[in-house]
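Accompanying notes for the structure given below.
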Amino acid sequence: MVGRFGKSAVEKLSIYNKENFVTNVGTDSNPLRVAIIGAGPAGFYAAEHLFKQKNLVIEIDMFDRLPTPFGLVRNGVAPDHQKIKSVTKVFDRTAKKPGFRFFGYVDLGEDVSVDDLKKHYHQIVYTTGAQTDRNLNIPGIDLEGSHAATEFVAWYNGHPDYVDYEFDLSQESVAVVGVGNVAVDVCRILCRTQAELAVTDIADYALEALKESKVKDVYMLGRRGIAQAAFTAPEVKELGEMEDTDVVVLEEEVALGPLSESSMTEADRGTTRKVEIVQGYAGRPLEGKSHRLHLRFLVSPVELIGDENGHVKAMRLVKNELYETEAGTLRPRPTDEYEEVPVGLVFRSIGYRGVPLEGVPFNDSWGVIHNQAGRVIDPETKEHLVGQYAAGWIKRGPSGVIGTNKPDAAETVDNMIADLADGKVNQPEHPEPEAVEKLLADRKPEYFSYSDWSKLDDLETAAGEEQGRPRVKFVTIEEMLAARDSG
Ligand code: NAP
């Protein structure tokens, strides 16, 4: 058979197989065994692309530390963005392909190690995403009432690790630092009415807590100008369409200066559209709605000020101006103008960050696994660690939308297949699929299979149907185990 390399990968293997090192990996008698670590979008796109390989027999085991699959689609995408979540239908189809197994509730580093995986798989792909937040180093950032937006997002989405987090929604004034799409999500959830939230799959406890919310004023703070804002046009447009929220914009903060104007090209329609939408808000009369969402630009928080109990009570902001770097980008620099905004709750939403995996080389300054086009490399020798790969946010950093992970994962998979054709795969001692089940029976007997997840999925959606919601989520591991083991 003729495949993507002219000859099939299998034929090519025998050509490169000088030392008889790799014999027949990828055939019926010796399928290519791949472990994917992380059941989010990048993991599923990698699996999908692997299954598309003609002439190769591939078996995929996907691991996740949670019992539930889909990563950020379940635990990150905002509950009022159900359309985006429908991508899980595509992932579900991949999961139901022959040769795919899901091992949920299995933690790499805790239950199994990289060395364990090397004993069972020819190739390992890390798709663990970016599980923490970038820090904001200003005085007062650790005061009570100051949180990472990532925590709030995980909390309202019912991520089991965040169920017990508390956010003081008795405050009337809230600041959200950053103007990316996550900041936009957080602002929307804070400003939505109960009726708007009640039709979503937001965690029940979050729905209850937000019902009692006293939040009136939300300040979303951009350190640069509107033309440099990270949010996208549809997302900022949606802010102006909420039921009970007036959007407040200061005209002088969204007037484009000469630097911004000359940086915008005609081809850059997305930016032009964003600028138009936000400038449009500046001219809108307030309608006396119960929430006011203030979109502020060219300001940076320099300090959080606490009360006598160590709770944040205000934020000190400095006004910025833009300057052009030698590379031609527009950056902010502080002026000598300051202001103080009274806020009792602060979310820093300045980007996610990957966390290291035990036994996998990590680039700490970038928050990603050391890799070249998805091949995990030794940072000292720059050599590829044969059989190890990365895809998604843990490979390239937290950028782009869910679909961006598709070409990203395809690049990694193409390199995996090319390496296989070159005979560069790990040689596991126990490639037989049963060996993994045996290992897990010992290490994590409570692991979740895909059919276990399907059972939870059915129960969640059935409970949702009764309430006119997409689903009612199980939010603790105990609940998930009990539901799985119920009759
Ligand atoms: P992001 O898009 O990278 O935005 C980060 C924001 O934080 C930027 O406004 C950035 O400003 C600001 N920032 C960084 N450091 C700062 C500092 N020290 N002080 C003040 N501001 C600072 O990150 P994100 O919002 O976490 O989103 C991650 C990715 O997920 C993005 O690609 C996003 O589009 C995507 N996402 C998409 C959706 C959707 O499609 N609906 C929803 C959520 C997330 P500068 O630009 O000045 O650095």
Side-chain angles (χ1 to χ4, degrees), residues 40-42 71-87 129-139 141 146-154 156-157 175-189 219-239 241 259-260 263 270-271 274 278 295-304 315-325 329-334 346-354 366-368 392-394 396-405 408:
L72 264 198
V73 178
R74 181 177 167 97
N75 294 312
V77 171
D80 58 342
H81 276 179
Q82 287 300 315
K83 244 196 211 161
I84 298 179
K85 291 186 190 243
S86 64
V87 68
Q131 297 170 41
T132 188
D133 64 301
R134 285 179 56 207
N135 207 1
L136 183 64
N137 290 318
I138 56 169
I141 197 69
S146 161
H147 308 271
T150 52
E151 295 166 356
F152 187 58
V153 169
Y156 64 61
N157 274 315
V176 180
V177 182
V179 288
N181 281 332
V182 171
V184 173
D185 285 347
V186 167
C187 289
R188 260 194 349 270
I189 297 302
Y219 297 86
M220 187 164 88
L221 308 171
R223 62 178 168 178
R224 298 190 285 164
I226 167 63
Q228 295 81 40
F231 52 60
T232 41
E235 275 64 30
V236 76
K237 180 166 176 281
E238 199 181 1
L239 291 179
E241 294 163 351
L259 281 177
S260 286
S263 75
T271 303
K274 274 189 307 204
V278 178
L295 308 188
R296 298 286 313 268
F297 297 94
L298 291 162
V299 286
S300 281
V302 287
E303 183 184 0
L304 300 188
M315 177 182 266
R316 199 163 137 79
L317 293 175
V318 65
K319 191 145 186 59
N320 294 329
E321 61 185 11
L322 292 177
Y323 72 98
E324 190 170 354
T325 64
T329 46
L330 300 184
R331 304 295 311 159
R333 75 177 155 218
V346 174
F347 294 108
R348 51 185 185 276
S349 181
I350 61 169
Y352 282 77
R353 213 186 123 75
W366 289 53
V368 297
W393 279 6
I394 198 66
R396 70 172 194 281
S399 65
V401 293
I402 305 276
T404 315
N405 294 298
D408 179 294

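None of the values given here were measured: they were computed from a predicted structure. Order of listing sets the numbers, starting from 1, for every ligand and every atom in it.
Heavy-atom separations between S349 and ligand 1 include at least one value shorter than 4.0 Å. Residue contacts with ligand 1 include S399, since one of its heavy atoms falls under 4.0 Å from the ligand.
The distance from ligand 1 to the heavy atoms of P398 drops below 4.0 Å at these ligand atoms: 28 (C), 29 (C). With ligand atoms numbered from 1 in the order given, ligand 1 contributes 40 (O) to contacts under 4.0 Å with heavy atoms of V401. Interface atoms of ligand 1 facing A230, defined by a heavy-atom separation under 4.0 Å, are 2 (O), 4 (O), 8 (C), 9 (O). Listed by number with element, the atoms of ligand 1 under 4.0 angstrom from any heavy atom of E235 are 39 (C), 40 (O), 41 (N).
Within the 4.0 Å cut-off (strictly below), a protein heavy atom is located near atom 39 (C) of ligand 1. At least one protein heavy atom sits closer than 4.0 Å to atom 4 (O) of ligand 1.
Close N/O approach between R223 and ligand 1 is found [any backbone or side-chain N/O within under 3.5 Å].
No donor-acceptor pair closer than 3.5 Å links the side chain of K319 to the backbone N or O of V299. Not a single donor-acceptor pair under 3.5 Å links the side chain of S146 to the backbone N or O of V346. No donor-acceptor pair under 3.5 Å is formed between the side chain of D408 and the backbone N or O of T404.
In this view, T232 and N181, P234, E235 satisfy the side-chain contact (heavy atoms from CB on, under 4.5 Å) rule, not counting sequence neighbours.
Nearest to atom 9 (O) of ligand 1 among the protein's heavy atoms is V179 N, 3.1 Å. Distance from atom 23 (O) of ligand 1 to its nearest protein heavy atom, with residue and atom name: G351 CA, 4.1 Å. Looking at atom 46 (O) of ligand 1, its nearest protein heavy atom turns out to be R224 NH2, 2.7 Å. Residue, atom and distance of the protein heavy atom nearest to atom 25 (O) of ligand 1 are V182 N, 3.1 Å. Atom 36 (N) of ligand 1 has N181 CB, 3.7 Å as its closest protein atom, hydrogens excluded (heavy atom only). Regarding atom 22 (C) of ligand 1, its nearest protein heavy-atom neighbour is I350 CG2, 3.4 Å. Among protein heavy atoms, atom 35 (C) of ligand 1 sits closest to G400 O, 3.4 Å. The protein atom (non-hydrogen) at minimum distance from atom 12 (C) of ligand 1 is G178 CA, 4.1 Å.
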Show me the donor-acceptor pairs within less than 3.5 Å that the side chains of residues 220-229 make with the rest of the protein, sequence neighbours left out.
{"residue": "R224", "atom": "NH1", "partner": "L330", "partner atom": "O", "Å": "2.8"}
{"residue": "Q228", "atom": "OE1", "partner": "G225", "partner atom": "N", "Å": "2.9"}
{"residue": "Q228", "atom": "NE2", "partner": "S260", "partner atom": "OG", "Å": "3.0"}

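The shortest distance between side-chain heavy atoms of P301 and L136 falls below 4.5 Å. Annotation: side chain of Q131 is not in contact with side chain of I394 (no heavy-atom distance under 4.5 Å). I141 places a side-chain heavy atom less than 4.5 Å from the side chain of R348.
For the atom pair OH (Y352) and OG1 (T150), the distance works out to 6.0 Å, reported to the nearest 0.5 Å. Taken from SG in C187 to CG in L239, the straight-line distance is 7.0 Å, to the nearest 0.5 Å.
Contacts between L136 and ligand 1 below 4.0 angstrom, taking non-hydrogen atoms only, involve the side chain exclusively. Of the heavy atoms in D185, only side-chain atoms (C-beta onward) come closer than 4.0 Å to ligand 1.
Counted by atom type alone, R396 and N405 present one or more donor-acceptor pairs between their side chains at under 3.5 Å.
The aromatic rings of F231 and F297 sit perpendicular, their planes meeting at an angle over 60°, well past the 30° parallel limit.
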